[in-house]
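What follows is one structure encoded as structure tokens, with my remarks underneath.
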Amino acid sequence: MSKQMNRLISSNFRKWCYNLSGFNQYGLWRDDCLYENQDVIEALRRLPQPIKDERNFRIIRAMQLDANKKLLPKEQWTKFEEDVLYLQPYIAEVRKEREEREKWDSS
């Protein structure tokens, strides 16, 4: 199989898995669903307030929908192509700082 075919299958498979996960049916983004370990908590603390507000809105809306046993209308579901990994740069920065601190402390 060609590399282009592999990318196509891989892309379609990722979209299928994304839709299968179900969080997008509540309007959530991937980074809204991360397990909140120490690195993620620190990254969340560093987020600009408007992004925090948007995240909180999505999470509260999802909780209300779940409590009422409802989903968003299909046209409002988060699409794979529109999902933004808004927290990943902050997490990478926090991890890098933590690793540097651990190296410094161990030497």
Side-chain angles (χ1 to χ4, degrees):
M1 233 187 298
S2 70
K3 288 184 180 184
Q4 186 177 18
M5 187 65 161
N6 282 340
R7 268 191 238 121
L8 179 63
I9 290 171
S10 174
S11 173
N12 288 336
F13 182 70
R14 275 189 254 131
K15 287 179 188 178
W16 178 78
C17 290
Y18 182 85
N19 289 321
L20 185 65
S21 68
F23 64 83
N24 65 320
Q25 298 172 13
Y26 294 96
L28 293 171
W29 295 355
R30 281 178 279 187
D31 281 355
D32 296 337
C33 302
L34 293 176
Y35 173 75
E36 292 188 12
N37 60 25
Q38 292 300 329
D39 292 343
V40 173
I41 291 170
E42 177 60 24
L44 288 169
R45 191 186 66 73
R46 296 180 185 191
L47 277 178
Q49 193 60 46
I51 297 175
K52 277 185 200 177
D53 293 341
E54 291 171 4
R55 178 181 191 273
N56 290 336
F57 171 80
R58 288 190 302 273
I59 291 171
I60 290 168
R61 178 181 59 184
M63 290 170 54
Q64 288 174 335
L65 287 165
D66 187 54
N68 292 321
K69 308 248 187 278
K70 294 183 179 181
L71 296 175
L72 286 173
K74 193 162 187 158
E75 61 272 2
Q76 293 181 21
W77 291 5
T78 306
K79 294 169 187 61
F80 179 78
E81 298 81 14
E82 297 170 355
D83 197 333
V84 178
L85 298 174
Y86 63 91
L87 198 54
Q88 295 306 313
Y90 295 94
I91 292 172
E93 181 181 297
V94 168
R95 284 184 180 150
K96 183 178 176 188
E97 290 173 6
R98 179 180 45 79
E99 289 167 359
E100 287 175 2
R101 196 170 37 254
E102 288 171 355
K103 282 182 185 177
W104 179 263
D105 291 344
S106 68
S107 61

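For this chain, numbers begin at 1 and follow the sequence in order. The structure presented is a predicted model; accordingly, all values stated were derived computationally and were not measured.
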Discussion item. Rounded at 0.5 Å granularity, tell me how far OG1 in Thr78 sits from CG in Asn19.
Written reply: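 Reported to 0.5 Å precision, the distance equals 10.0 Å.
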Worksheet entry | Distance (rounded to the nearest 0.5 Å) between Asp53 CG and Gln49 CD |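 If I round to the nearest 0.5 Å, the distance is 4.5 Å.
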Practice prompt. With sequence neighbours left out, write down each residue that passes side chain to side chain donor-acceptor pair (under 3.5 Å) with Gln38, or none if nothing qualifies.
Written response: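 Gln38 satisfies side chain to side chain donor-acceptor pair (under 3.5 Å) with no residue once adjacent residues are dropped.
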Worksheet item: Can you list the residues that meet the ring pair (Phe, Tyr, Trp, His ring centres under 6.0 Å) rule with Phe57, with sequence neighbours excluded?
Response: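 Applying ring pair (Phe, Tyr, Trp, His ring centres under 6.0 Å) to Phe57 gives none.
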Item to complete: State which residues pass ring pair (Phe, Tyr, Trp, His ring centres under 6.0 Å) with Tyr86; sequence neighbours excluded, sorted by chain then number.
Response: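 Trp29.
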Worksheet item: Under the 4.5 Å side-chain heavy-atom rule for ILVMFWY, direct or indirect, which residues accompany Tyr26?
Response: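 Listed partners: Tyr18, Phe23, Leu28, Ile59, Met63, Leu65, Leu71, Leu72, Trp77, Phe80.
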Worksheet item: So which pairs with a foot in residues 20-47 pass salt bridge (Lys or Arg N to Asp or Glu O under 4.0 Å), sequence neighbours left out?
Response: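 Sorted result for residues 20-47: Arg30-Asp83, Asp32-Arg58, Glu36-Arg55, Asp39-Arg95, Asp39-Arg98, Glu42-Arg45, Glu42-Arg46, Arg46-Glu93, Arg46-Glu97.
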Discussion item. Per the salt bridge (Lys or Arg N to Asp or Glu O under 4.0 Å) rule, what does the pair list look like for residues 61-81, sequence neighbours excluded?
Written reply: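 Output for this query lists Lys15-Glu81.
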Worksheet item: Of all heavy-atom pairs between Ala43 and Val94, which one has the smallest distance, and what is that distance?
Response: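 Looks like N-CG2, 3.9 Å.
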